[in-house]
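What follows is a set of notes on a single structure, which appears directly below.
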Amino acid sequence: MDKAEYLAELERRLKALPESERQDALDYYKGYLDDAPGQGKKAMKELGTPAEVAAKILAEFSIKKAPKTDESKKKGMSTTLAVILAVFAAPIGLPLAIAVFTVAFALLITLIALIVSFGASGVAMILAGIAYLPIALIVLIQDGALGLATLGAGAFSLGLGMVFLGGATVLARVGFGGIANFVGKVILKDKESK
């Protein structure tokens, strides 16, 4: 194998390298063989086969491109530090998370209780207003003024019941909508941070 064949074989085996790296390696070995006395047969024998030289070059290139050990140590150190901080923060963070969950749960229960109270009061007042109508008609026959007062009380109860039912509906829509928005923002914020 002459020098040209040796370099052609070496170039073929270095196809995995980027163009600039391959050309640098080929230039180096071409210059080395050009400087050798004679045809460089002795130099080629000392270097080894093109396969051996290519393996050496590829190994050096992969070591050069490997991440620096200092960076991997820093990453490992920061992970270790995060774990240590999490362990030390657990006695504070866990009770705090439980307290936040408890307050949120209490607010949810309070909201549900208010909605049920407003709704039940509204239904009760509407039923009372409807019940007043036949009574008002009976009383109106016996005593006109008292009958009109009873009719007015029934109408007032009916109107107030509708206001309470409307309030329960608005409270449910705003309260549950606000809770859903808050939870959505917390979940989306958590997903974005990851």
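Ile135 and Leu148 fall into different hydrophobic clusters, where Ile, Leu, Val, Met, Phe, Trp and Tyr side chains are chained together by heavy-atom contacts under 4.5 Å. Under the 4.5 Å side-chain heavy-atom criterion for grouping Ile, Leu, Val, Met, Phe, Trp and Tyr, Leu111 is connected to Val116 within one hydrophobic cluster. Grouping the Ile, Leu, Val, Met, Phe, Trp and Tyr side chains by contacts below 4.5 angstrom, directly or via other members, places Leu160 with Leu171. In the hydrophobic cluster analysis, where Ile, Leu, Val, Met, Phe, Trp and Tyr join through side-chain heavy atoms closer than 4.5 angstrom, Phe164 is grouped apart from Val170. Both Leu158 and Leu127 belong to a single network of hydrophobic side chains, linked directly or stepwise wherever heavy atoms of I, L, V, M, F, W or Y lie under 4.5 Å apart.
A 6.0 Å sphere centred on OH of Tyr6 holds more than 12 heavy atoms belonging to other residues, nucleotides or ligands. Heavy atoms from other residues, nucleotides or ligands lying under 6.0 Å from OH of Tyr28 number 12 at most.
Within the model, atoms CE of Met162 and CE of Met125 stand 13.0 Å from one another, a figure rounded to the nearest 0.5 Å. Rounding to the nearest 0.5 Å gives a distance of 10.5 Å between CD of Glu9 and CD of Glu11. One finds the CG atom of Asp2 at 9.0 Å from the CG atom of Leu7 (value rounded to the nearest 0.5 Å). Rounded to the nearest 0.5 angstrom, Leu165 CG and Ile126 CD1 are separated by 4.5 Å.
Remark: side-chain polar atoms of Glu21 are not paired, donor with acceptor, to backbone N or O of Pro18 under 3.5 angstrom. Of the possible polar contacts, none joining the Ser157 side chain to the Ala153 backbone as a donor-acceptor pair under 3.5 Å is found.
Under the salt bridge (Lys or Arg N to Asp or Glu O under 4.0 Å) criterion, Glu52 pairs with no residue at all, not counting sequence neighbours. By the salt bridge (Lys or Arg N to Asp or Glu O under 4.0 Å) test, Glu19 pairs with Arg22, sequence neighbours left out.
Counting heavy atoms from C-beta on, the side chains of Tyr132 and Thr150 come closer than 4.5 Å. Phe176 is listed as a side-chain neighbour of Leu108, based on a closest heavy-atom distance under 4.5 Å. The side-chain heavy atoms of Ile141 and Leu137, taken from C-beta on, include no pair separated by under 4.5 Å. Side-chain contact between Leu33 and Leu47: present, with at least one pair of heavy atoms (C-beta onward) separated by less than 4.5 Å. At least one side-chain heavy atom of Leu14 sits under 4.5 Å from a side-chain heavy atom of Leu58. Under the 4.5 Å side-chain criterion, counting only non-hydrogen atoms from C-beta, Val53 is not in contact with Thr49.
Relative orientation of the Tyr29 and Tyr32 rings is perpendicular, given thresholds of 30° and 60° on the angle between their planes.
Closest of all the heavy-atom pairs between Leu151 and Leu133 is CD1-CD2, 3.5 Å. Residues Ile115 and Ala172 share a closest heavy-atom pair of CD1-CA, 3.4 Å. When all heavy atoms of Arg13 and Ala54 are compared, the closest pair comes out as CB-CB, 3.6 Å.
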